[in-house]
Amino acid sequence: ASSLGAAAAQSGRYFGTAVAAGKLSNGTYAGILDREFNMITPENEMKWDATEPSRGSFNFGSADQIVSHAQAHGQRMRGHTLVWHSQLPNWVSALSATDLQTAMDNHITQVMNHFKGKIYAWDVVNEAFADGSTQHRSSPFQDKLGNGFIEHAFRTARSVDANVKLCYNDYNIENWSDAKTQGVYSMVKDFKARGVPIDCVGFQSHFGSGGAPASLQTTLSNFAALGVDVQLTEVDIAQASSSAYAGTVNACLNVARCTGITVWGIRDSDSWRSGDNPLLFDGNGNAKAAYTSVLNALNAA
Ligand code: G3I
């Protein structure tokens, strides 16, 4: 196949990208998006500060723009993200524990209901674990609601939509021996053992120039063996070498339950770390060498 999405589809997978609503009117940007990608994650538009900037008043304008684009071009959507300590409006952080629980439940309910039927998978909770540790990080949710907030969020999400896939998403959980990886693994194992609804784990995969840790495939296999799908959800690699990209993509392709790969932006100039030139297209929209290595890897799977 001659595009990333079609090549991934040959093995039943998707190939996606983060999208910013404000760029959809750019012809070069939209041209690459619709030619290459069959899954879209809104880069910022579904986050709490965008969707519920003040309590109880919801704004879905820019997210709806992306969903409409996806529907018009046959692309599926990953929902990103319902419960995250960052891009969280100040009003949420200021709530008492009781009010915070009510507000979290309401946020999950309203946002999921608005997009019901239009989303393949939701990142229900994002980045809840601390770096270098097996424990949760400090956040308004953790500090006021306690360890159970993640389980509560997943149970609430399942009660709103019985069909959508529910994911936990994080970074620095790609190396099997890292404490953070082990912490998330223990949580997923515990959730599966107790019947807490969780369908997938997203490995963000923001890598340095060396690419993925050598254990990435092991990590993906071990999580998959717990009975969840795994996905690479925000891939970008400093300097985007062909070998680093191929290694990352092949780690997923070698694991049956690794169902898809998303890169975190289209052109280098679209990246949150644009100084690293970490994506598959250059600032002019030309495919880089890493693009060819990814396409070849997908076609060989
Ligand atoms: O929308 C405001 C605009 O009104 C304001 O004038 C402007 C001035 O700074 O800021 C705009 O907001 C920016 C927003 O992106 C939208 O462009 C924020 O400052 C900026 O911090 C924000 O950055 C995003 C970042 O998440 C915030 O945490 C990046 O675009 C986005 O790529 C990045 O994505 C995250 C994932 O969600 C989770 N994993 C890590 C990943 C990379 O950091």
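The residues of the chain are indexed from 1 along the displayed sequence. Numbering of ligands and ligand atoms starts at 1, following listing order.
Centroid-to-centroid, the aromatic rings of F203 and Y171 stay 6.0 Å apart or farther. Less than 6.0 angstrom separates the ring centroid of Y185 from the ring centroid of W176.
Among protein heavy atoms, the minimum distance from atom 27 (C) of ligand 1 is reached at Q87 OE1, 3.1 Å. For atom 31 (C) of ligand 1, the closest heavy atom belonging to the protein is E43 OE2, 3.4 Å. Distance from atom 33 (C) of ligand 1 to its nearest protein heavy atom, with residue and atom name: K47 NZ, 3.8 Å. Atom 34 (O) of ligand 1 has its closest protein heavy atom at W264 NE1, 3.2 Å.
In the hydrophobic clustering of ILVMFWY residues, with side-chain heavy atoms under 4.5 Å counting as a link, F141 and F191 come out together.
At least one side-chain heavy atom of P42 sits under 4.5 Å from a side-chain heavy atom of M77. Side-chain contact between D276 and D236: absent, with no pair of heavy atoms (C-beta onward) separated by less than 4.5 Å.
Between D270 and K23 a salt bridge is recorded (basic side-chain N to carboxylate O distance below 4.0 Å). By the 4.0 Å N-to-carboxylate-O rule, D229 lies too far from R13 to be salt-bridged with it.
Using a 30° and 60° split on the angle between ring planes, H73 and H69 fall in the parallel class, below 30°. Note on ring orientation: taking the six-membered ring where Trp is involved, the planes of H107 and W48 are parallel (angle under 30°, cut-offs 30° and 60°). Classification of the H114-F60 ring pair by plane angle, with boundaries at 30° and 60°, yields parallel.
There is no protein heavy atom closer than 4.0 angstrom to atom 3 (C) of ligand 1. Under the 4.0 Å distance rule, the nearest protein heavy atom to atom 20 (C) of ligand 1 falls outside the cut-off. When distances from atom 13 (C) of ligand 1 to the protein are checked, no heavy atom turns up under 4.0 Å.
The distance criterion of under 3.5 Å between nitrogen or oxygen atoms is not met by W84 with respect to ligand 1. When only interatomic distances are considered, the shortest N/O to N/O separation between E234 and ligand 1 falls below 3.5 Å. At least one N/O-N/O distance between N44 and ligand 1 falls below 3.5 Å.
Short contacts between ligand 1 and H80, defined as distances under 4.0 Å to a heavy atom of the residue, involve ligand atoms 36 (C), 37 (O), 38 (C). Annotation for ligand 1: atoms under 4.0 Å from non-hydrogen atoms of N126 are 38 (C). Short contacts between ligand 1 and S86, defined as distances under 4.0 Å to a heavy atom of the residue, involve ligand atoms 28 (O). Atoms of ligand 1 lying under 4.0 Å from any heavy atom of H206, numbered from 1 in the order shown and given with element: 40 (C), 41 (C).
Judged by the shortest distance from any of its heavy atoms, R273 lies outside the 4.0 Å radius around the atoms of ligand 1.
Neither the backbone nor the side chain of T81 comes within contact range of ligand 1; no heavy atom lies under 4.0 Å.
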